[in-house]
Amino acid sequence: MGPTTRAHFVYNRRRRRRRGGRHAVEEASDEEQQQMDSSSSSSDEEGDQEEDAEASGEDVDDEEEEEAVAAEPAPKQPPAAAAAGEKRGRRKGSITISLKKVCKACKRTGHQAGFKGAVYIDCPMKPCFLCKMPGCHTTLTCPHRVTMEHGVIPAPKRNANTSLDYVFQSQVKGKIPMVKPKFLIPNQLEHGNIKFHQRRVTCLEFHPTKNSVLLSGDKKGLLGIWDYVKLHEKITYDSVHSCILNSMKIDTTNDGMIYTASSDGTISCTDLDTGIGSPLLNLNPNGWNGPSSWHMIYGMDLNTDKGLLLVADNFGFLYFLDRRSKTRIGHPILIHKKGSKVTSLHCNPARPEVLLSSGNDHYARIWDTRKLEANSPLASLAHGRVVNSGYFSPRSGNKILTTCQDNRIRVWDYILGDLQSPSREIVHSHDFNRHLTPFKAEWDPKDYTETVAVIGRYISENYNGVALHPIDFIDTSSGKLLAEVMDPDIITISPVNKLHPQDDILATGSSRSIFIWKPKIEDELTEERAKHDNSSDDDSGGDSGGKNKKAKKTRFTHAVKGKGKSKV
DNA sequence: AATATATGGGCCC
DNA sequence: TGGGCCCCCTATAT
């Protein structure tokens with residue numbers, strides 16, 4: 001066993017381009033070689049040269065030696081792969097070859113990206129997967145991870161403190177305890193693996209008046225209604241939408257009706273008891289005419305003052321709907337770059353006429369909906385990449401929290417202050433991945449200090465030999481991680497999370513499953529509460545690494561216990 | 001147990 | 001401004 005390993009794989013087009021024709025030719029049959037030769041282009045050869053130039057002498061020797069040995073047995077071509085290759089036209093040259101293992105991220109030899117046990121080893125040729133900064137570190141050694149032994153720390157506050165900031169901070173910070181006590185964080189799985197969705201969960205909402213009812217939507221457009229106290233009460237409606245259910249809102253004047261927005265281009269108003277719905281808006285009245293004209297609706301919010309439903313599409317336009325007359329009001333207004341998706345809308349809870357929109361054009365924008373025109377935002381908040389979501393703080397509406405695909409959560413502390421740059425950028429792993437519902441950091445609606453936010457984490461952590469993707473509770477005033485919530489029963493990434501408006505309950509959507517979390521069981525809780533009461537200012541200081549470690553271990557022990565109970 | 005594949009956004013030409 | 005291609009810690013059906 002040397003450093004070289006034999007890897008069998010179907011030879012695909014990308015690899016051909018990357019690695020050039022040389023390796024393939026050695027093992028290809030005559031017929032295949034002809035195909036290969038005719039399809040290889042000058043760029044292929046360039047790729048080959050580049051690789052040769054970069055490989056160390058030793059590597060090249062190894063590789064050639066290995067291939068010479070590997071070439072002896074006749075290469076077998078799986079018939080299925082060959083057939084698939086034929087179908088794909090340009091990919092017809094599907095053959096199986098053997099060569100040295102290659103990094104799946106950069107296709108170079110000498111290292112390998114991927115899981116080693118429960119720890120993921122990054123490709124050293126790529127920028128850090130966490131902070132995205134170029135430089136000679138990977139996720140494992142990223143300063144945004146190592147310092148506090150998790151993936152979250154505050155970026156330096158960029159704007160200088162203005163006097164306004166100072167006054168504001170002293171007013172807020174002086175009077176109220178800053179963070180949610182740990183014993184109130186829902187970190188124990190109450191119900192797991194509720195799988196009535198057939199595709200990944202895309203949105204969750206607690207019913208505002210029926211306390212234990214959770215509403216859920218999925219990628220196929222299925223609407224789920226589940227009472228997690230009366231466990232058996234699960235209802236699904238599959239006729240409301242035909243594809244991704246992106247957003248839900250319960251009517252404040254009639255809590256039996258739900259508004260839903262979908263990538264099928266419609267807004268539906270559905271009776272929760274019967275599942276009977278009526279379309280409030282259909283942006284694709286002429287059906288499918290190709291992707292360039294297909295409307296999808298992602299952002300939606302309700303202006304409760306005016307009875308207005310605000311809706312935005314994937315072409316950058318905002319629409320107003322009158323809730324009662326079910327008609328459109330005025331003309332659509334361009335609020336983000338033409339042709340780009342508006343990802344979320346949020347009306348300010350204190351001033352409902354103030355709207356926050358987030359978009360694929362790398363901006364979040366604040367608007368006054370009373371005098372709305374294109375190019376007239378009150379403010380444009382620049383981001384590094386696509387903005388997944390933007391929310392005003394739940395009570396005062398004075399803060400803004402955005403989630404951006406550049407792996408940063410941004411916080412603006414005061415919307416009437418300087419909005420040029422965020423008050424804080426918090427590095428946090430929540431990468432975009434086409435197969436996942438986009439991550440959205442959301443405020444805890446019960447936290448009257450407007451500090452705590454929840455968001456799922458993309459990168460995994462090694463918990464006792466198991467790679468798990470936690471759900472993070474973040475102190476947005478410092479970037480500090482308040483809690484990381486995980487359970488060995490949840491092995492998939494949890495991008496969708498919703499905190500209950502009144503109770504200390506967290507709902508999680510992870511792949512097709514829904515989970516309900518509660519704080520620790522009663523006896524532990526009282527113990528912790530007593531501890532908390534005795535040591536008052538525990539939260540102001542920074543946790544040491546050792547402390548964090550200990551906490552992590554404790555949590556995992558609980559999780560293991562949970563597993564034992566629920567499984568087998 | 002390997003593997004095909006769905007599919008959004010960035011980026012490059 | 002549009003098409004083609006690439007992609008990185010996925011999840012699941014086969």
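Within every chain, numbering begins at 1; the chains are lettered A, B, ... in the order of the sequence lines, protein sequences first and strands thereafter.
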Parallel, tilted or perpendicular: rings of A:W288 and A:W294 (30°, 60°) = tilted
With both pairing distances under 3.5 angstrom for Watson-Crick or G-U wobble, and | for a partner in another strand, the correct string for DNA chain B is .|||||.||||||
Residue A:Y458, side-chain heavy atoms: nucleotide from C:dT12, C:dT10, B:dG10 that is nearest | C:dT10
Closest to the A:H362 side chain, choosing from B:dG10, C:dC7, C:dT10 = B:dG10
Which of the following nucleotides, C:dT10, C:dC8, C:dT12, is nearest to the side chain of A:R512?
-> C:dT12
C:dT10 phosphate, OP1 or OP2, under 4.0 Å from A:S511 side-chain N/O = no
Check every strand shown and say whether A:S460 touches a base, only sugar-phosphate, or nothing at a heavy-atom separation below 4.0 Å.
-> base
The answer to which of A:S513 and A:H469 contacts DNA chain C further toward the 5' end, by nearest nucleotide, is A:H469
Nearest-nucleotide comparison on DNA chain C, the residue closer to the 5′ end among A:I491 and A:R434 | A:R434
Measure the distance from CZ on A:R199 to P on B:dG8 and round it to the nearest whole Å.
-> 14 Å
Phosphate OP1/OP2 of C:dT12: any A:H435 side-chain N/O under 4.0 Å = no
If we take the C1' atom in both B:dC11 and C:dC9, what is their distance in whole Å?
-> 23 Å
In whole angstroms, how far is the P atom of B:dT7 from the CG atom of A:L436?
-> 14 Å
How many Å lie between NZ on A:K337 and C1' on C:dT1, as a whole number?
-> 9 Å
Would you say A:K337 has more than 12 foreign heavy atoms packed within less than 6.0 Å of its NZ?
-> no
Assess whether atom CD1 of A:I235 is packed by more than 12 heavy atoms of other residues, nucleotides or ligands within 6.0 Å.
-> yes
N/O (side chain, A:K341) to phosphate O (OP1/OP2, B:dG9) under 4.0 Å = yes
Compare side-chain N and O positions of A:K219 against OP1 and OP2 of B:dA6 and report whether any pair is under 4.0 Å apart.
-> no
Crowded around A:F129 CZ? As in, over 12 foreign heavy atoms under 6.0 Å?
-> yes
Between A:H430 and A:F439, what is the ring plane arrangement, given parallel below 30°, perpendicular above 60°, and tilted in between?
-> tilted
How many Å lie between CD1 on A:I490 and C1' on C:dC9, as a whole number?
-> 17 Å
Electrostatic pair A:D406-A:K132, nearest N-O below 4.0 angstrom | no
Sugar-phosphate, base or nothing in reach of A:R200, heavy atoms under 4.0 Å | nothing
Protein-nucleotide distance (A:I244, atom CD1; B:dT7, atom P), rounded to Å | 8 Å
Between B:dG10 atom P and A:R385 atom CZ, what is the distance in whole Å?
-> 6 Å
Starting at atom CG of A:N433, determine the distance to atom C1' of B:dA6, rounded to an integer number of angstrom.
-> 11 Å
Test applied, side chain to side chain contact (heavy atoms under 4.5 Å, CB included); reference residue, A:Y228; option that passes from A:L214, A:I194, A:I514 = A:L214
If only side-chain N and O atoms of A:N360 are considered, is one of them under 4.0 Å from the OP1 or OP2 phosphate oxygen of B:dG9?
-> yes
If the plane angle is over 60° it's perpendicular, under 30° parallel, otherwise tilted; pick one for A:W412 and A:H383.
-> tilted
Base, sugar-phosphate, or nothing: which does A:F129 touch, judged by heavy atoms less than 4.0 Å apart?
-> base
Nucleotide C:dC7, atom C1' - distance to CG of A:D122 in whole Å | 14 Å
